[in-house]
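Reading through the structure tokens given below for one structure.
Numbers restart at 1 for each chain; the letters A, B, ... are given by sequence-line order, proteins then strands. Just so you know, these numbers use all the heavy atoms, side chains as well, and skip hydrogens, waters and symmetry mates.
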Number of protein chains: 2
Amino acid sequence: MATDRSPTRIQKRNRANILEAALDVFSQNGFRGATVDQIASAAGLSKPNLLYYYPSKEAIFTELLSKLLATWLAPLRDIDPKGDPMEEILGYVQRKLQMSQDMPRESRLFANEIVQGAPRMIDTLSTELRELVDATEVIFQGWMAAGKIASVHPRHLLFSIWSLTQHYADFEVQVQTLMTPEDPFAAAPEFLDTLYRRMLTPTT
Amino acid sequence: MATDRSPTRIQKRNRANILEAALDVFSQNGFRGATVDQIASAAGLSKPNLLYYYPSKEAIFTELLSKLLATWLAPLRDIDPKGDPMEEILGYVQRKLQMSQDMPRESRLFANEIVQGAPRMIDTLSTELRELVDATEVIFQGWMAAGKIASVHPRHLLFSIWSLTQHYADFEVQVQTLMTPEDPFAAAPEFLDTLYRRMLTPTT
DNA sequence: CGGACATTTGACCAACTGGTCAAACTCACG
DNA sequence: CGTGAGTTTGACCAGTTGGTCAAATGTCCG
């Protein structure tokens with residue numbers, strides 16, 4: 001496989017199929033729980049054929065992670081320091097919630113990895129994500145100092161948003177089981193909107 | 001091994017060691033990621049010796065889960081319908097948070113299993129836990145109807161407490177990495193207390 | 001002490017898993 | 001068509017893993 005030439009039609013199709021299949025399998029079983037054979041057949045390929053496109057299971061996982069991280073963090077980058085504070089935060093919450101609903105596999109992929117100590121993500125966490133979180137903290141602190149939102153611990157605020165929104169994807173089985181027949185996502189937007197509005201409305 | 005006789009001194013010691021080791025290994029690697037050998041050496045036994053006490057890896061896992069579930073759910077059962085609503089809920093939040101800090105392995109054990117679809121817990125979830133959640137919902141609804149706490153979706157309220165408190169244990173690596181050098185658990189109690197106090201204070 | 005029962009071990013096995021390789025096959029293109 | 005590059009495959013391999021078994025060793029108690 002010539003990696004330094006522009007990819008052929010077949011390469012494009014197969015690489016896309018592999019990543020799609022890998023997302024399915026890794027998000028459901030975690031890295032160690034997933035087998036190359038599972039991914040291969042989910043992608044409609046034989047195992048050696050899959051390994052013709054990616055040199056190892058690890059390589060598939062790594063590429064998948066790095067391709068998805070940007071998407072996953074986009075809403076956080078989109079927070080506008082010059083926007084209305086309450087609207088920005090409530091909007092971020094709703095966007096994250098929507099992502100949990102639309103992309104539960106991505107959420108679980110990261111959840112699986114982090115619960116097990118994030119052995120393949122720790123570098124990204126402590127550099128790229130750390131910077132982004134630091135920047136967000138500054139924004140939140142500015143809003144709090146200006147009295148636009150109530151003063152709370154900015155990092156805990158951010159973690160709480162991640163926690164609450166991703167919970168619906170990561171623990172979907174549990175939420176589904178305990179909410180049936182109600183649709184968990186039906187009342188979630190309003191619940192979270194109310195929660196953050198009450199917590200963050202300044203008490204002058 | 002005579003299972004129908006009272007356990008010997010050695011049986012008691014070894015069984016305890018095995019479950020302790022299993023908690024370590026399963027919570028860090030999930031069911032599939034854990035190996036019988038890992039558990040055995042963590043318990044100071046050889047693999048065949050371990051399998052003399054438990055017939056299979058699955059059996060260890062199952063026993064571990066069922067033994068821990070009672071402990072894990074105790075704070076929820078302890079909510080007193082006749083107590084002061086706000087105090088009961090804030091107390092429950094603090095107890096759950098304390099458990100995340102003191103028993104992070106237990107939290108991650110369940111988290112690992114549920115993220116991956118809870119194949120070995122789904123029965124428990126849909127019966128025992130379901131009943132407990134149903135009962136709690138009734139309590140919450142009573143308090144809301146009486147105007148003692150603000151009206152919010154009772155199940156989402158409960159899930160939010162689980163989510164926020166267990167987040168500190170389940171995603172410990174991430175939280176640690178992004179909060180260093182601050183101790184995540186230092187500000188958490190106050191943050192959660194404020195959050196739920198503001199959300200649940202009735203707006204008459 | 002001695003025997004019955006409990007515990008431990010090393011050798012072993014079959015299934016699974018990640019990965020390799022040479023040979024066969026397919027495709028684009030002149 | 002033909003040819004060279006791109007693609008696919010079956011056979012294979014070594015390491016890991018859950019689990020078995022008979023034999024060896026340890027412990028308890030009369």
Side-chain angles (χ1 to χ4, degrees), chain A residues 1-65 112-113 116 119-120, chain B residues 1-65 112-113 116 119-120:
Chain A
M1 179 178 48
T3 45
D4 50 348
R5 301 191 64 80
S6 72
T8 68
R9 176 180 54 91
I10 296 176
Q11 268 172 42
K12 259 188 262 184
R13 168 176 43 90
N14 281 347
R15 284 179 166 266
N17 286 350
I18 290 170
L19 288 181
E20 170 67 21
L23 176 56
D24 253 14
V25 176
F26 281 134
S27 67
Q28 197 163 66
N29 305 102
F31 180 78
R32 203 175 188 286
T35 73
V36 177
D37 250 331
Q38 279 179 324
I39 301 173
S41 46
L45 300 173
S46 66
K47 187 170 62 166
N49 199 174
L50 182 151
L51 290 167
Y52 168 72
Y53 290 99
Y54 288 92
S56 67
K57 180 180 166 182
E58 184 99 27
I60 305 173
F61 192 77
T62 303
E63 170 132 351
L64 189 60
L65 275 189
N112 253 309
E113 189 62 10
Q116 300 193 4
R120 299 165 199 84
Chain B
M1 179 178 48
T3 43
D4 50 348
R5 302 189 64 79
S6 73
T8 67
R9 176 180 54 90
I10 296 177
Q11 269 174 39
K12 259 189 262 185
R13 169 177 41 91
N14 282 347
R15 284 180 167 264
N17 286 351
I18 290 170
L19 289 181
E20 170 66 24
L23 175 56
D24 253 15
V25 175
F26 281 133
S27 68
Q28 197 162 66
N29 305 102
F31 180 78
R32 203 176 188 288
T35 73
V36 177
D37 251 330
Q38 281 179 323
I39 301 173
S41 46
L45 300 173
S46 67
K47 187 171 60 165
N49 199 174
L50 182 152
L51 290 167
Y52 168 71
Y53 290 99
Y54 287 92
S56 69
K57 181 180 166 182
E58 185 99 27
I60 306 173
F61 192 78
T62 303
E63 171 133 349
L64 189 61
L65 277 189
N112 253 310
E113 189 61 10
Q116 300 194 5
R120 299 164 200 85

Which whole-number value in Å describes the distance from A:Lys47 NZ to D:dC12 P? 14 Å

Beyond-backbone contact of A:Ser41 with A:Lys47, side-chain heavy atoms, under 4.5 angstrom: no

Which atom names give the shortest non-hydrogen contact between A:Leu19 and A:Leu64, and what distance separates them? O-CD1, 3.7 Å

Examine C:dT7: is either OP1 or OP2 under 4.0 Å from a nitrogen or oxygen in the side chain of B:Gln11? Give yes or no. yes

B:Leu45 CG to D:dT25 C1', straight-line distance once rounded to whole Å: 16 Å

Whole-Å distance separating the CG atom of A:Asp37 from the P atom of C:dG18: 8 Å

Under 4.0 Å from OP1 or OP2 of D:dT17: is there any side-chain N or O of A:Arg32 that close? yes

Length of the line joining A:Lys12:NZ and C:dA28:P, which is rounded to integer Å: 13 Å

Contact under 4.0 Å: A:Tyr54 side-chain N or O vs C:dG19 OP1/OP2: no

Mapping A:Asn49 and B:Glu58 to their closest nucleotides on DNA chain D, which lands nearer the 5' end? A:Asn49

Is it the case that the side chain of B:Arg120 and the backbone of B:Thr62 share a donor-acceptor pair, with hydrogens and angles ignored and the cut-off at 3.5 Å? no

Identify, between B:Val36 and A:Ser46, the residue whose nearest nucleotide on DNA chain D lies closer to the 5' end. A:Ser46

OP1 or OP2 of D:dT7 versus the side-chain N and O atoms of A:Thr8: is any pair under 4.0 Å? yes

Residue A:Pro48, side-chain atoms from C-beta onward, closest of C:dT20, C:dT9, D:dG18: C:dT20

What is the distance, rounded to the nearest whole Å, between atom CG of B:Leu51 and atom C1' of C:dT9? 13 Å

Phosphate contact (C:dT8 OP1 or OP2) by B:Asn14 side-chain N/O below 4.0 Å: yes

By nearest-nucleotide position on DNA chain C, the 5'-leaning member of A:Arg9 and A:Ala34 is A:Ala34

If I take atom CG in residue B:Asn17 and atom P in nucleotide C:dT8, what distance separates them, rounded to the nearest angstrom? 10 Å

When you check the phosphate oxygens OP1 and OP2 of C:dG19, does a side-chain N or O of A:Tyr52 lie under 4.0 Å from one of them? no

Take atom CG of B:Leu50 and atom P of C:dT9, then tell me their distance rounded to the nearest Å. 12 Å

How long is the line joining CD1 of B:Ile10 and P of C:dT7, in whole Å? 6 Å

Going by heavy atoms in the side chains, are A:Leu45 and A:Asn17 under 4.5 Å from each other? no

Would a 4.5 Å heavy-atom cut-off, applied to side chains only, mark B:Tyr53 and B:Ile10 as touching? yes

Hey, is the side chain of A:Lys57 pairing donor to acceptor with the base of C:dG19 inside 3.5 Å? no

